[in-house]
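Okay, structure first, notes after.
Note on naming: letters A, B, ... go to the chains in the order of the sequence lines (proteins, then strands), and numbering restarts at 1 for each one.
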Amino acid sequence: MPEGPTIVILKEAVSKFKGKKVLECGGNAAIDFSLFENKTVKDFKTWGKHFIICLKSTNIRIHFLLFGSYSIDEKIKPTRSVRLFLKFKNGTVYFYTCSIKVIDQDLEKIYDWTADVMNKEFDPAKARKKLRAKPGTLVCDALLDQEILAGVGNIIKNEVLYRIRLHPETTIGNLPARKLTELVKECRDYSFEFLRWKKANELKKHWLAYSKKVCSRCNLPFIKKYCGKTKRRTLFCENCQIRYSKATH
DNA sequence: TGCCATGTTAAACT
DNA sequence: GAGTTTAACATGGC
């Protein structure tokens, strides 16, 4: 379910509820639902993998973690329990198995929109600067750092590294400047490809590394390894993806 | 059918 | 205290 582009699709899918009043709400989330009733949706926002419903004087933050999902105007499947639903005059949105938090602070104070790869304010130079500040970090870990590249998940990580032919266990400090620039750029570019392909329901068709067995460039089998401190599944080609080192400089 | 995973947090350790 | 490891959450695809 998650990764930044999918949350953008959700935002577009609920846009018809913007400006509408919450007629009824509920679910099994441990929050006070009375805070939302009769409030009007001011806006829907996304920051990385966060989906934020902005109501007058309060916000609801939804994070789908690994298994979360949503549905709109659908009859609830009895096997799934609804964590949160919001009913409007023109329909209902349901959220399942997700983390829900009420945020009363000013969103501008807690979210750095320039870190979100899907945001129009995304700032590649800032991302590069944050990366350069962590020279010992492996690129496979750095890409998943939500403070640096919010919205990038494990699929995007694998695809980006394969596409720019970069070995996941290269340290940031060993990257030539040009490669670092390319890395940040590809995170954003692939995220928008992800968005386009996901909307067309053909995301998997375009995977080059994620869940693949063989490198399409050289036909050698991919290495499957739980890399870095994050220990997330990483598929890569030892032959085609370059591991930069001091000596490469 | 059992295994595994697009993720994060907090507790339990060293 | 810092850093690391483990557990918990809990669904659906293959």
Exercise. Between A:Glu37 and A:Val22, is there a donor-acceptor pair closer than 3.5 Å when you use the side chain of the first and the backbone of the second?
Worked result: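 The answer is no, because no donor-acceptor pair under 3.5 Å joins these two groups.
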
Problem set entry | Contact under 4.0 Å: A:Lys49 side-chain N or O vs B:dT8 OP1/OP2 |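 The answer is yes; a side-chain N or O of A:Lys49 sits under 4.0 Å from OP1 or OP2.
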
Exercise. With respect to the phosphate group of C:dC14, does any side-chain polar atom (N or O) of A:Lys204 fall under 4.0 Å of OP1 or OP2?
Worked result: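 So the side chain of A:Lys204 is within the cut-off, an N or O lying under 4.0 Å from OP1 or OP2 of C:dC14.
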
Problem set entry | Canonical and wobble pairing (Watson-Crick, G-U, under 3.5 Å) of DNA chain B, dot-bracket with | | .||||.||||||||

Whole angstrom value for the distance that separates [atom2] of [N] from [atom1] of [X]:
X: A:Leu66; N: C:dG13; atom1: CG; atom2: C1'; result: 12 Å
X: A:Glu3; N: B:dA5; atom1: CD; atom2: P; result: 14 Å
X: A:Ile100; N: B:dT9; atom1: CD1; atom2: P; result: 15 Å
X: A:Leu10; N: B:dT6; atom1: CG; atom2: P; result: 21 Å
X: A:Asp145; N: B:dT8; atom1: CG; atom2: C1'; result: 13 Å
X: A:Asn154; N: B:dT6; atom1: CG; atom2: P; result: 4 Å
X: A:Lys101; N: B:dT8; atom1: NZ; atom2: P; result: 13 Å
X: A:His50; N: B:dT6; atom1: NE2; atom2: P; result: 18 Å

Exercise. Which residue pairs satisfy the ring pair (Phe, Tyr, Trp, His ring centres under 6.0 Å) criterion with at least one member in residues 155-176 of chain A, sequence neighbours excluded?
Worked result: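 Every pair satisfying ring pair (Phe, Tyr, Trp, His ring centres under 6.0 Å) with a residue in residues 155-176 of chain A: A:Tyr162-A:Phe222, A:His167-A:Phe236.
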
For this session: Hey, which sits more toward the 5' end of DNA chain B by its nearest nucleotide, A:Phe194 or A:Arg61?
Result: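 With A:Arg61 and A:Phe194 compared, the 5'-side residue is A:Phe194.
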
Do [X] and [Y] sit within salt-bridge range, that is, some charged N less than 4.0 Å from a carboxylate O?
X: A:Lys134; Y: A:Asp145; answer: yes
X: A:Glu182; Y: A:Lys179; answer: yes
X: A:Asp116; Y: A:Lys45; answer: no

For this session: Take A:Asp73 and A:Lys16, measure what salt bridge (charged side-chain N to carboxylate O under 4.0 Å, His left out) needs, and give me the verdict at the end.
Result: CA-CA 12 Å; A:Asp73 301 338; A:Lys16 66 171 180 174; 2.5 Å; yes

Exercise. In terms of the angle between their ring planes, are A:His206 and A:Trp197 parallel, tilted or perpendicular, with boundaries placed at 30° and 60°?
Worked result: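 If you compare the ring of A:His206 with that of A:Trp197, the planes turn out parallel.
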
Problem set entry | Residue pair A:Gly136 / A:Thr171: nearest heavy atoms and the distance that separates them |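 Closest heavy-atom pair between A:Gly136 and A:Thr171: O-CG2, 3.9 Å.
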
Exercise. Which of residues 226-233 of chain A have a heavy atom under 4.0 Å from DNA chain C?
Worked result: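 Going residue by residue through residues 226-233 of chain A, the ones with a heavy atom under 4.0 Å of DNA chain C turn out to be A:Lys229, A:Lys231.
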
Exercise. Step by step, would you call A:Ile62 with A:Ile52 a side chain to side chain contact (heavy atoms under 4.5 Å, CB included)?
Worked result: CA-CA 6 Å; A:Ile62 297 169; A:Ile52 309 152; over 6 Å; no

For this session: Compare the minimum distances between each of C:dT11, B:dT8, B:dT6 and the side chain of A:His63, then state the nucleotide with the smallest one.
Result: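 Selected nucleotide: B:dT8.
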
Exercise. With respect to the side chain of A:Arg83, which nucleotide from B:dT8, C:dA10, B:dG7 is positioned closest?
Worked result: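 Of the options given, the side chain of A:Arg83 lies nearest C:dA10.
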
For this session: Please work out if A:Tyr210 contacts a base, only the sugar-phosphate, or nothing of the nucleic acid, heavy-atom cut-off 4.0 Å.
Result: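 Contact class for A:Tyr210: sugar-phosphate only.
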
